[in-house]
Amino acid sequence: MLAVPDMGLQGLYLGSSPERSPVPSPPGSPRTQESCGIAPLTPSQSPKPEVRAPQRAPFSVVVAIDFGTTSSGYAFSFASDPEAIHMMRKWEGGDPGVAHQKTPTCLLLTPEGAFHSFGYTARDYYHDLDPEEARDWLYFEKFKMKIHSTTELREQCPSLPEKDTVRWVLTVPAIWKQPAKQFMREAAYLAGLVSREDAEQLLIALEPEAASVYCRKLRLHQLLDLSSRAPGSGRLGERRSIDSSFRQAREQLRRSRHSRTFLVESGVGELWAEMQAGDRYVVADCGGGTVDLTVHQLEQPHGTLKELYKASGGPYGAVGVDLAFEQLLGRIFGEDFITTFKRQRPAAWVDLTIAFEARKRTAGPHRAGALNISLPFSFIDFYRKQRGHNVETALRRSSVNFVKWSSQGMLRMSCEAMNELFQPTVSGIIQHIEALLARPEVQGVKLLFLVGGFAESAVLQHAVQAALGARGLRVVVPHDVGLTILKGAVLFGQAPGVVRVRRSPLTYGVGVLNRFVAGRHPPEKLLVRDGRRWCTDVFERFVAAEQSVALGEEVRRSYCPARPGQRRVLINLYCCAAEDARFITDPGVRKCGALSLELEPSDGASPGRREIRAAMQFGDTEIKVTAVDVSTNRSVRAAIDFLSN
């Protein structure tokens with residue numbers, strides 16, 4: 001196959017203008033300079049994918065940062081004792097009754113735009129500002145961006161090694177596309193965690209993968225089987241840990257005690273030692289902003305993991321419950337009032353959301369009593385001034401009959417009303433899990449691990465078990481469910497090869513010129529150059545959507561510059577969701593990045609035979625690209641620029 005990569009608008013083609021077929025080109029079709037920067041090397045088949053074993057750098061400590069929509073935290077472990085995970089210090093401030101091993105993802109900037117504080121400190125300081133003064137400050141919450149300082153870690157552990165011996169791990173949702181992952185990496189560079197020259201010090205971990213890695217280390221008593229809840233009760237009935245659920249499996253495995261011993265010695269927990277090779281399970285990461293699903297298969301004898309279906313998910317996080325509460329307030333007091341109140345009394349609005357968050361955490365499917373939610377005095381006073389009557393009158397006039405005004409000056413909400421706020425989000429999660437389980441690739445799943453901050457909710461736990469338990473699926477929750485991803489990210493940083501095979505979420509490839517074949521190629525794709533007939537805009541696939549790709553596996557292609565003395569090569573990368581795209585102009589195909597290679601002068605190769613060898617790795621959490629000028633053996637290794645578009 002003759003393959004000539006699409007070159008982008010870089011002026012690389014300096015020959016005479018190519019003749020075109022008289023048939024007009026489709027609008028937006030890349031032409032001339034954009035398609036003619038590299039000439040074919042040889043009419044040979046592309047090399048088969050090769051697997052290159054990942055090399056492990058000698059890092060002394062792994063630090064993981066879980067930067068969540070609702071809350072954030074960090075943890076670390078030393079290479080000398082990788083399973084001893086040290087959690088972050090408990091943050092100052094916080095809410096009564098809430099563990100503080102994470103801090104709210106809140107950022108406060110001064111009126112001049114300078115950084116002031118983060119987490120509880122930011123939230124509490126903003127809360128104490130005068131309402132008029134607060135308008136000039138910039139307060140952000142429930143967002144995903146990168147802010148961290150190595151100072152906290154060094155204070156907690158004065159013996160921390162030098163910077164270049166620290167491996168950093170950042171967690172992101174598995175459904176994030178490559179541009180979002182690159183954005184996090186760029187933010188880490190700007191924050192000074194690592195330098196671009198030491199890119200290998202930073203790993204991007206997929207949140208449900210991190211949770212899976214952590215769960216495989218757990219002992220049986222560290223897991224809660226939701227099927228042990230007594231019917232009609234929100235509490236545990238006869239306490240039946242997951243241990244009893246696997247007694248039969250343990251009995252069977254006594255016949256293969258050597259296999260079980262090998263697994264335990266390989267570092268997997270008791271649950272995984274009881275599972276058979278090939279057993280499948282789902283991890284549902286229910287966080288503040290999204291639900292993230294991944295399906296893994298356990299591989300023996302080393303306990304590595306294989307992804308069976310590409311990561312999926314949607315916007316079904318805990319913030320959906322907060323939005324439902326805001327909409328409820330709008331029905332009672334008027335949407336225009338709520339909008340005005342948030343804008344003119346922002347600190348008081350933060351107070352109200354904190355009060356709701358505290359009550360939301362106590363909601364349960366079988367709770368008997370009503371819940372009281374404090375309204376800030378600023379809300380009550382502002383409403384009276386804006387509307388001319390008090391909030392009690394507004395509640396009486398409202399069509400919402402399940403929220404009353406209590407004599408203590410609070411909103412009194414029935415348990416049924418609180419549970420209704422959960423329903424749209426919880427239903428979205430269950431429907432997404434059910435759709436995943438219907439896929440043929442994931443048949444035979446035995447376990448569902450429910451993890452993430454939202455998985456702490458008794459409402460969500462009960463709904464998932466009620467919907468999926470009848471299918472014979474065992475729903476399991478780690479005891480420290482809110483810290484599962486953070487701890488798993490530390491373990492992933494110590495052994496990133498634990499996930500051995502992943503599924504490509506998209507089809508990736510390059511735009512090339514191939515020899516035009518009448519009857520096979522559309523006439524409008526004909527390009528004539530120097531008397532030769534080419535089919536332009538051909539999509540040459542590197543990897544297909546849903547394709548299984550092993551860690552370290554490389555897809556290689558060889559090309560050569562179009563003209564002698566060419567000093568720069570730019571190769572555009574395209575992607576799409578379809579597996580059968582033929583041209584880069586097909587619907588759904590889009591340019592998603594570019595790889596450039598600066599060429600040095602070469603005296604040892606014929607101008608027309610100078611080989612440029614490109615290789616791409618798709619089996620990691622980020623796509624990695626290398627390109628080599630074979631004549632000089634100069635290698636340029638860089639992640640594709642997915643933010644260039």
Side-chain angles (χ1 to χ4, degrees), residues 1-10 12-13 18 20-21 23-38 40 46 49 175-183 309-312 502-517 519-527 534-549 554-557 559 569-596 614-619 622-625 627 638-645:
M1 176 180 65
L2 288 173
V4 184
D6 166 61
M7 297 307 299
L9 297 173
Q10 298 297 324
L12 297 179
Y13 179 76
R20 296 187 180 277
S21 164
V23 180
S25 302
S29 176
R31 294 296 190 214
T32 59
Q33 290 97 334
E34 195 169 1
S35 296
C36 303
I38 290 185
S46 301
I175 59 174
W176 272 19
K177 301 293 187 281
Q178 294 297 326
K181 296 177 184 178
Q182 184 180 341
F183 178 86
Y309 184 69
K310 66 179 182 180
S312 61
R502 293 183 174 89
R503 293 271 185 147
S504 177
L506 295 171
T507 299
Y508 291 94
V510 294
V512 303
L513 300 179
N514 279 352
R515 281 180 177 171
F516 187 85
V517 179
R520 176 184 173 189
H521 295 138
E524 63 269 21
K525 296 296 183 183
L526 175 61
L527 174 68
W534 299 95
C535 180
T536 190
D537 301 337
V538 176
F539 181 67
E540 184 188 28
R541 187 176 69 189
F542 275 21
V543 65
E546 306 289 349
Q547 180 178 335
S548 291
V549 188
E554 289 187 344
V555 178
R556 296 183 179 182
R557 297 292 188 272
Y559 311 103
V569 171
L570 183 74
I571 302 177
N572 291 328
L573 181 70
Y574 295 84
C575 67
C576 63
E579 300 178 26
D580 56 354
R582 295 182 61 200
F583 301 99
I584 61 175
T585 54
D586 286 355
V589 180
R590 60 184 177 86
K591 179 187 172 186
C592 59
L595 171 70
S596 62
M616 303 181 71
Q617 294 184 28
F618 295 91
E622 298 175 276
I623 296 177
K624 297 179 179 179
V625 180
I640 300 169
D641 184 5
F642 288 102
L643 298 177
S644 60
N645 297 321

Query raised in the report: Of all heavy-atom pairs between Arg556 and Ala615, which one has the smallest distance, and what is that distance?
Result: CG-CB, 3.8 Å

Query raised in the report: Can you check ring pair (Phe, Tyr, Trp, His ring centres under 6.0 Å) on Phe539 and Tyr574, steps first, answer last?
Result: CA-CA 8 Å; Phe539 181 67; Tyr574 295 84; 7.0 Å; no

Query raised in the report: Partners of Arg503 by side-chain hydrogen bond (donor to acceptor under 3.5 Å, both in side chains), sequence neighbours excluded?
Result: Ser548

Report summary line: CZ (Arg502) and CD (Gln547) are apart, to the nearest 0.5 Å, by 15.0 Å

Query raised in the report: Roughly how far apart are Leu526 CG and Trp534 CH2, rounded to 0.5 Å?
Result: 12.0 Å

Query raised in the report: SG of Cys575 to CZ of Arg541: how many Å apart, nearest 0.5 Å?
Result: 14.5 Å

Report task. Please check if the side chain of Thr507 supplies one atom and the backbone of Ala578 the other of a donor-acceptor pair under 3.5 Å. Result -> yes

Query - Reported OG1-to-NZ distance for the pair Thr585 and Lys525, which is rounded to 0.5 angstrom - result: 2.5 Å

Query raised in the report: Would you say Met616 and Leu573 make side-chain contact, with heavy atoms under 4.5 Å?
Result: yes

Report summary line: Interatomic distance, SG@Cys535 vs CZ@Arg520, rounded to 0.5 Å, equals 8.5 Å

Report task. Measure the shortest side-chain to side-chain distance between Val510 and Phe542 over non-hydrogen atoms and say whether it is less than 4.5 angstrom. Result -> yes

Report task. Identify the heavy atoms of Asp537 and Leu513 that sit nearest to each other, and give their distance. Result -> N-CD2, 4.4 Å

**Report entry** Ring geometry between Phe516 and His521 (parallel below 30°, tilted from 30 to 60°, perpendicular above 60°)
**Finding:** tilted

Query - Side chain proximity check, Ile623 to Lys181, heavy atoms < 4.5 angstrom - result: no

Report task. Work out which heavy atom in Val549 is nearest to a heavy atom in Gly619; give both atom names and the distance. Result -> CG1-N, 3.7 Å

**Report entry** Gap between atom OH of Tyr508 and atom CD of Gln178 - 0.5 Å precision
**Finding:** 4.5 Å

Query - Distance-minimising heavy-atom pair for Val589 and Ala581 - result: CG2-CB, 3.8 Å

